[in-house]
Amino acid sequence: MGTRGAIAHGVTGMRAAYMRGAYFFMATDRDRIDAHLPLRPVEFHILLSLATADRHGFGIIEDIEMRGDVAVPDVGTMYRALARMVESGLIEAAPSPHSADPRRSYYRIAALGVRVAKAEARRLDALAHAARLGGLLDKKKTT
Amino acid sequence: MKREWLVRLSERWFRLLLRLYPADFRDGLGDDVLDTYSQRARVALDRSGLTGLAWLWIRACLDALRNGPGEHLRPAVSWRRTGNWGRDFELARRRLLRSPMFVAATLGTLMVGLGAFAVVYTAVDKIVLTPMPYREPDGLYVVWRDQSVSGGVARDWLAGPDVADLQNAHGVIEGAAGMRLSVPALSVRADGEPQQVLAMLTSPNIFDLLGATPIIGRGFGAHEVGPTRPPIIVLNHALWKRLGSDPAIVGSQVWLSGAPYTVIGVMGPDFRFVRHATLGPPQEPDLYIPFAFHLADQDPRDPNQTTFAAVMRVRAGTLPERAAAAVDAVTRVINARNHQTPRVQLHAIHLKDDLIAPVRPTLLSLGLAAMFLVLVLTVNLASLLLARATEREREFAVSRALGANSAAILRAIVIEGGALGFMGGGLGAAAGWWGARFLVALAPLDLPRRSEIALDWRVAVVVIAVGLGLGVMAAVLPAAWVSHVSAFVSLRRDRSLAMLPVMSGIRGTGATQRWRRGIVVAQVALTVVLLFAGGLVARSFERLVASDPGFSPAHVLTFRVAMDPRLFPEANEAFAFQERVETALTSLPGVRGVGATAALPLTTSAPQNSVWSWQEKVGFPGAPGNAGDAQRDSVLVDIIAARAGYIDAMSMHIVDGQPFTRNRPDNVYETLIDRQLARRFFPTGTPIGASIPFIKGKSLRVVGVVRQTRLANLHEDGRPQLFIRAEDWVRNIPVWVIKTTGDPRALAADVRQVIRRIDPRIPVSAVQAMDDIVTDALRQQRISAVMIGGFAIGALLLASMGLFGMISGSVVRRHGELAIRLALGANHRRMVHLALGEGVVLVVIGMVLAVPGVYAVGDLIRGLLVDVSPWDPLTLSTVTIGLLVVALAACYLPARRVMRIDPASLLRQS
């Protein structure tokens, strides 16, 4: 192995340790979070969009569009998902910002939502990693 | 501005699509969804113009179609208002699982009723509704000669020149074809083993007339008929398959009764032409041969050549009246030509009507019976669901108090009924599939299109839909009623509130009881009608079975021996063969009698048997019954040639004189006449010794009088019969019968061996027990009796269950009242009668209401009955008494519970 390989190997090992540690700390919440996984793609995208800012329905759609290379969800599907996520506590209704139309309902991500989004991201990353090892995905270019 | 207008139009579209979502969703999120869509519409318009907007519209539509019903079935959240369809389905499922008995009773009811409906619907659909596989079948008619005026049948055969006149007719008649059946022996090789086939001799235009083309080869050309026609045949698909399905058979030679023929075509598997007959079932030929003569050259006066069936096609769009008028015109032409012989009358019947005419009464009665059964079952279903609704009155009252509205409760009940109905429909379709197979197995061989009767997916869909509808309907009516019951009245039934006057017992208010009583009365009425119909049909069948056909079929084996005339060129060779066969058969172990005949009873129809029927006009010169008019003193009779042993082998009844003597007397041609002839021509004195002029200048001497061996119908005599000795007249006798001591079928192999040893070139076919032939002849009546009887018994069971439930409910309901009466000094017996009385009154009302139904049904199934009047008093009384007995039993059993009422403990409780 060269230097690069050694560093990569070390990074992988550290990641594994970190994950184990993180899971230990999240043990009490683990069940609650695991109950929400795997997330539907729509839900994941919504959480992603709301992670950066409070948005309303159309704003979420715009944000998803901007991310590019993804299929924009239909409005009906999205609002059903929004309702579902509000009920399960991943997101919550937020007051609309001053500059915006007060009739529009805005959404904000909840703490549980943040954790669930992160857990889902990690799950997807682990899968992608396995896919790379298996040769289904191109190896990431290490920069 | 155009843009704004487009955006507003889009908003209208999105608002419309929103209606697909449930109301709760719309209330909560509808505005947001609309808002988002409008913004997207603006963006789409800006970015991609009209195409982008149109694309958004389509996507929105698909989105709503997917998510709207999705939200109905699996709502994203549980909203505060009750009544999502998804939840209701889940609740209904749980409720049904908690009451397995109710579910079983309902599903059982539906399965039986819908299964019966499915079977009968299939039969009617396939036989009556499905169009025949010919080109424009509405234009096809079968033409018959009506002989009913002179005592013959209404659908009798035509003479050759009659058919020729039909063919030459112009006007609306486009074309006609004649047909006649024959039974040659087919061999594929010149020296090969021959097999009996059914051949149809026909006019060459038969295939064009019916609109059928052979799948291999060709049909007949218009000129290929007459004495100079080439020896060509066309095979039926079934025969082609039996011969090996070889396409190369077209162009090759086969031998029919020793003569070579060329196969020029093979018909497709869908082509199925059955020649119908008044006497006997339709026959499907194995091959088609063009006539070797011209129809116009046939002698119209010879009854033995008057055996043509005719099919004609009229121009498209011709009304039946015009077709009938055209046939009348041809009739006039015929009568003008034959001005010496009695007038003929032709009439035409639609091809399909002709085919189903004999089974129409059966189908009709089956349909009626099935309809009745379905009615009884619907009523039963309603009763079941009403009882259930009543039980849950309390529950509904509570949920109403908690805020559920009538619509929600109604919806819950309808979903339950609909789910049960749907499942019942599925089970009914399955039962119907099995039942259709059962029907085909039971059905007479002559049931038209028997092979096509099978449940297909269309009928299954109809059955499931009917089940769903029935379930919903039977749930809605009681549910709609129950949902009006006010909470106050329901809660009053609580014991703790007993200080308020108790108006209703546990099983419901007075109104519910009226419904239940009405249902029971309806059930009883329907059951009476159905039982009556069943009783009539059963009695008719019993009469049929008990009727004496003129011979005894027990222990009799029959088989065909085809004596090919080419093998017996001399008469004495043929007769010697007959003697050898008789001797050999007599020497078989277990054989008590041997005979032979040219016309076996009840088999003028079976495809392998002889269609040879010999008729002559005979007279009895010098008989006391003669009127002096040559026309009236001669009568058309069936000539039956039989060997001497036939009388004994078939155990025929000798009424007067004696049978054929064993040793043929010289110069005396013995004959036996039947009772009809004896009565008509010898009302006084005896016919024995009378002389009858016969063919070839010879005379017959009457030696005895016998009862007819019924050739066509089991229960009534046909044409008068005259028996002549086969040894005198018929060289090539086709049918042999042997009477055995044990099971006749056991000798089947021995019989074949015997014939093979005498002459291996002679084929033996149609080996069957006479019992089986008689059983087969009864099939149509048997199937009616079985099915209607089954339906009737089912209805009786259901009515009894309804009565049982009602009385037991009534007993529980009147617990308090009965206890008080007992405490005041009445005895238990009187209480039982009191409880019984309610049920008996209902039964009597039901029976009275059934009287008009009984009249109507009697009229309708008259055509199905044999020897039984539609208002047969024996049947009527049996049904009445039987129903009363069963009903009383059904009422008495729960009423006995009254005996166990202990007034003291009850009064202590309340």
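In what follows, every chain begins at residue 1, and chains take the letters A, B, ... in the order their sequences are listed.
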Backbone N or O of [Y] within a donor-acceptor pair of the [X] side chain at under 3.5 Å?
X	Y	result
A/Y79	B/D32	yes
B/D63	A/G76	yes
A/R80	B/G68	no

Between A/M85, A/E62, A/E65, A/M78, which has the largest tally of heavy atom pairs under 4.5 Å with chain B?
->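 Among A/M85, A/E62, A/E65, A/M78, the one with the most close pairs to chain B is A/E65.
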Part of A/I60 within contact of chain B (heavy atom distance under 4.5 Å) |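 Neither part; nothing is under 4.5 Å.
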For A/V72 and B/R59, which heavy atoms make the closest approach, and how far apart are they?
->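 Heavy-atom minimum between the residues: O-NH2, 3.0 Å.
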Rounded to the nearest 0.5 Å, how far apart are CG of B/D31 and OG of A/S105?
->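 Between atom CG of B/D31 and atom OG of A/S105 there are 9.0 Å.
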Find the distance between CG (A/D74) and OG1 (B/T36) and round it off to the nearest 0.5 Å.
->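 If I round to the nearest 0.5 Å, the distance is 12.5 Å.
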Given that the side chain runs from C-beta out, which part of B/D35 has a heavy atom under 4.5 Å from chain A: side chain, backbone, both or neither?
->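 Side chain of B/D35 only, per the 4.5 Å heavy-atom cut-off to chain A.
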Side chain from CB out, backbone as N, CA, C, O: work out which of these in B/F14 comes under 4.5 Å of a heavy atom of chain A, or both, or neither.
->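 When you check distances to chain A, no heavy atom of B/F14 falls under 4.5 Å.
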Begin with the C-alpha distance, continue with both residues' side-chain angles, and end with the deciding distance and a verdict on side-chain contact (heavy atoms from CB on, under 4.5 Å) for A/T77 and B/R66.
-> CA-CA 9 Å; A/T77 318; B/R66 195 174 45 240; 4.1 Å; yes
Please check if atom [atom1] in [X] has more than 12 non-hydrogen atoms from other residues, nucleotides or ligands closer than 6.0 Å.
X	atom1	result
B/F422	CZ	no
A/R67	CZ	yes
B/R15	CZ	no

